[in-house]
Amino acid sequence: MNAAALEAFLKDVVRDVGPDAVNVSAETIARYGENTMPGGDRPPAAVVYPSFTRHVQAIVKAANAHKIPLYPISTGNNIGLGSRSATLAGQVVVDLGARMNRILEVNERLGYAVVEPGVSYQMMHDELVRLGNRYMVDVTSGPPQGGVIGNALDKGAGYGPYFDHFGTACGMEVVLGNGDILRTGDGALASDTPTNWHTSKYSYGPVIDGLFAQSNYGIVTRMGMWLMPRPPAVRSFHFAFPDDGDLEEIVELCRPLKMSNFVPTLFRLANDLYLCGSEGESAEYRTNPRKAMSDEGRRALRERHGLGAWTVSGAFYGASAEAVEPMIRRVRDVFERSGKAKYIAHEEAQAIGPLQVAINAFSGVPSHGELGLLKWRPGGGNTWFLPGTPMDGKVAHEFQALCRKIYEDHGLDYMVMNVCSARFARGLHVIVFNREDEDERQRADACYKKMSEAVASRGVFVGRAPIDYHAFHMQQTAASFQGACNGIKQALDPNGVIAPGRYGIG
């Protein structure tokens, strides 16, 4: 980056936003460049802090004038996918979450909230509790400080009926790459007070909200989100299965229960190390750092925590625990018919740390539980591989066997949770590695790429991507898709100032 251009840009930001809106200290540069990826840290050129949409607009206009690449973030808690780091080193991080962290509205009659990028799941949960706990926000099982807008725009998801966070977003305000402000949906009406902006997703003309998911066409500065009425009772159920090969049967049991929507939540179908890995460091790593955990070690963990090779979790909602009980009995009949499933009741699960995480997620309560996965191996390395499979037991089993072998071939521990809906399951594969060990970093990187190529050859793509692999995955797409993405980039951000390279665009 041209040093004179950067200096001129930062001078404009100080003039238009304020003297405390720019930070170039060595400590800040290092902190914003940190991540958990195999590819290393990516220090930015500077960090800027807008407080209002007009500040974002001023920053974007200054970036256009001086040809400075920006990288907007919300709360910077996208752990396993990039954290605060820009896709490319040397970009200027626009930290929206530091000061644009207001809950602008909670409409309890219509069940929606309007938030800025810095509003986290914990903040939203706390505000709803303060208002009387009539509504709940669908949460991830990741950091409670994760941003509601950032997660939705990266196509993140939760586990309850409102699991589709982008699908339950409604109405955005966006600063485009050319500095214009766009409002989507009914917000496009030439009115200062659009009545249905956050209640009607599909308004006049093209539905363009999706252009701002996993892209770099604009900076979203506010968003509406739908809230779920909080049920009087939440009762979870869990089933532990003893063998790796049981996955095929489990998927076949889950699919009809979701297709009929008898079970209102998604199924969390996690393997042993995904669940147990959050409870402490691997007992075998120090003596065998180049090998995956042994079958004996995995069995010992399962016995210690009362879990299975696969453990299925879901929940029902109702007027009371007694009202939910017949539904629990019915789901038990389905799973116990296999002759393998061990039922774990709600009360028992509350005493098992990894299952309490699931209960929290179904209940709309943010929690830190799964962050324990970062400590499974020393060194803080963590990246996520997120392919999907159809809800076909045979196909799901084929894919788990394929990915398990690739993990083991690279001396890494196979950790996965399949989040199952009616027709599709997202496979949350966690690659935990020692980032301070160069050999292990290289093995983690090779493992990710090998799995990506293997599933792509079978017609399966990822749903989200860590920053190390944005360009890699874009190259797996057809030329027509790449051309369309770059054409939209040229139209909405002609100077390419917003996050060039993000998701492989521009």
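Throughout, numbering of the chain's residues begins at 1 and tracks the sequence.
Donor-acceptor pairing under 3.5 Å is lacking for the side chains of Q122 and H125. One side chain, H165 or D138, offers a donor N or O that lies under 3.5 Å from an acceptor on the other. If you check the side chains of N434 and R377, you find no donor sitting under 3.5 Å from an acceptor. Under the 3.5 Å distance criterion, with hydrogens and angles disregarded, a donor-acceptor pair is assigned to the side chains of E173 and T221. Remark: the T199 side chain and the N196 side chain contain an N/O donor-acceptor pair separated by less than 3.5 Å. A donor atom on one side chain and an acceptor atom on the other are found under 3.5 Å apart for Y469 and D445. In summary, the side chains of Q490 and N486 do not present any donor paired with an acceptor at a separation below 3.5 Å, with no hydrogens or angles considered. In summary, the side chains of T28 and S25 do present a donor paired with an acceptor at a separation below 3.5 Å, with no hydrogens or angles considered. Checked by atom type, the side-chain pair Y32/N23 shows no donor-acceptor distance below 3.5 Å.
With sequence neighbours excluded, no residue forms a ring-ring contact (aromatic ring centres under 6.0 Å, His included) with F163. Residues passing the ring-ring contact (aromatic ring centres under 6.0 Å, His included) test with F481, sequence neighbours excluded: none.
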* Asked: What's the verdict on side chain to side chain donor-acceptor pair (under 3.5 Å) for R464 and N78, showing C-alpha distance, side-chain angles and the deciding distance?
  -> CA-CA 11 Å; R464 300 169 74 184; N78 208 12; 3.3 Å; yes
* To do: Before giving the answer on side chain to side chain contact (heavy atoms under 4.5 Å, CB included), spell out for L371 and I79 the whole-Å C-alpha distance, their side-chain angles and the decisive distance to 0.1 Å.
  => CA-CA 9 Å; L371 293 180; I79 298 172; 4.2 Å; yes
* Apply side chain to side chain contact (heavy atoms under 4.5 Å, CB included) to the pair S215 and Y503, showing each step before the final yes or no. => CA-CA 6 Å; S215 75; Y503 272 87; over 6 Å; no
* Asked: Which is it for K201 and W226 under the side chain to side chain contact (heavy atoms under 4.5 Å, CB included) test, yes or no, and what are the steps along the way?
  -> CA-CA 11 Å; K201 285 183 68 72; W226 293 340; 3.5 Å; yes
* Dump the intermediate steps for side chain to side chain donor-acceptor pair (under 3.5 Å) on H55 and D16, then the final yes or no. => CA-CA 7 Å; H55 290 166; D16 296 334; over 6 Å; no
* Check the pair Y71, I467 against side chain to side chain contact (heavy atoms under 4.5 Å, CB included), reporting the backbone distance first and the verdict last. => CA-CA 12 Å; Y71 193 83; I467 55 173; 4.2 Å; yes
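Rounding to the nearest 0.5 Å places CE of M259 at 11.5 Å from CG of N261. The distance from the SG atom of C254 to the CG atom of L269 is 5.5 Å, given to the nearest 0.5 Å. Between the CD1 atom of I406 and the SG atom of C447 there is a distance of 7.0 Å, given to the nearest 0.5 Å. For the atom pair CG of L182 and OH of Y217, the computed distance is 14.0 Å after rounding to the nearest 0.5 Å. Rounding to the nearest 0.5 Å gives a distance of 10.0 Å between OH of Y135 and CG of L128.
Side-chain contact between N101 and M123 is present, with heavy atoms from C-beta onward closer than 4.5 Å. The shortest distance between side-chain heavy atoms of L81 and M37 does not fall below 4.5 Å. Side-chain contact between L374 and V432: absent, with no pair of heavy atoms (C-beta onward) separated by less than 4.5 Å. Proximity of V455 to F461: side-chain heavy atoms (C-beta onward) are nowhere separated by under 4.5 Å. Counting heavy atoms from C-beta outward, K489 and I498 have side chains that approach closer than 4.5 Å. Side-chain contact check for P494 versus N178: some heavy-atom pair is nearer than 4.5 Å. The shortest side-chain heavy-atom distance between V93 and I73 falls under the 4.5 Å cut-off. Counting heavy atoms from C-beta outward, S203 and W197 have side chains that stay 4.5 Å or more apart.
Minimum heavy-atom separation, V17 to P50: CG1-CA, 4.4 Å. Of all the heavy atoms in K67 and N64, the pair that sits closest is NZ-O, 3.3 Å. The two residues T184 and D209 have their closest heavy-atom pair at OG1-OD2, 2.7 Å. The heavy-atom pair separating I68 from V497 by the smallest distance is O-CB, 3.6 Å.
Counting non-hydrogen atoms of other residues, nucleotides and ligands closer than 6.0 Å to NZ of K450 gives a total of 12 or fewer. Atom CD of E438 is surrounded by more than 12 heavy atoms from other residues, nucleotides or ligands within 6.0 Å. Applying the 6.0 Å contact sphere to CD of E7 captures no more than 12 heavy atoms from other residues, nucleotides or ligands.
Judged by distance alone, the side chain of N216 and the main-chain N or O of I505 form a donor-acceptor pair under 3.5 Å. A donor-acceptor pair under 3.5 Å is formed between the side chain of K258 and the backbone N or O of V263. Using modelled atom types, no side-chain atom of E105 and backbone atom of V114 make a donor-acceptor pair closer than 3.5 Å. When atom types are taken as modelled, the side chain of E116 and the backbone of L96 share no donor-acceptor pair closer than 3.5 angstrom. In this structure, S363 contributes its side chain and V365 its backbone to no donor-acceptor pair below 3.5 Å. In this structure, H410 contributes its side chain and R443 its backbone to no donor-acceptor pair below 3.5 Å. The backbone N or O of Q145 lies less than 3.5 Å from a partner atom in the side chain of T75, making a donor-acceptor pair. Judged by distance alone, the side chain of Y414 and the main-chain N or O of N271 form no donor-acceptor pair under 3.5 Å. Using a distance-only test at 3.5 Å, with no hydrogens or angles considered, a donor-acceptor pair links the side chain of S85 to the main chain of G33. Side-chain atoms of R230 do not come within 3.5 Å of backbone N or O of M228 as any donor-acceptor pair.
Note on ring orientation: taking the six-membered ring where Trp is involved, the planes of Y112 and H198 are tilted (angle from 30° to 60°).
Ion pair D164/K155 not flagged as a salt bridge, since none of the NZ, NE, NH1 or NH2 atoms sits closer than 4.0 Å to an Asp/Glu carboxylate oxygen. D41 and R84 are not joined by a salt bridge, as no carboxylate oxygen comes within less than 4.0 angstrom of a charged side-chain nitrogen. Note on D437 versus R441: no salt bridge recorded, every NZ/NE/NH1/NH2 to OD/OE distance being 4.0 Å or above. A salt bridge does not link D468 to K449: none of the charged side-chain nitrogens sits closer than 4.0 Å to a carboxylate oxygen. Between R502 and D154, at least one side-chain N (NZ, or NE/NH1/NH2) sits under 4.0 Å from a carboxylate O, which counts as a salt bridge. Between E398 and R458 there is a salt bridge, with a side-chain nitrogen of the basic residue lying less than 4.0 Å from a carboxylate oxygen of the acidic one. Ion pairing between a basic and an acidic side chain is recognised when a charged N comes within 4.0 Å of a carboxylate O; R268 and E370 show such pairing.
Taking the centre of each ring, F399 and H429 stay at or above the 6.0 Å mark.
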Side-chain donor/acceptor pairs under 3.5 Å, residues 417-428, sequence neighbours excluded:
residue : atom : partner : partner atom : Å
S421    : OG   : F424    : O            : 2.7
R426    : NH1  : L386    : O            : 3.0

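For the pair R404 and Y407, the NZ or CZ position fails the cation-pi test of under 6.0 Å to the six-membered ring centre and within 45 degrees of the ring normal.
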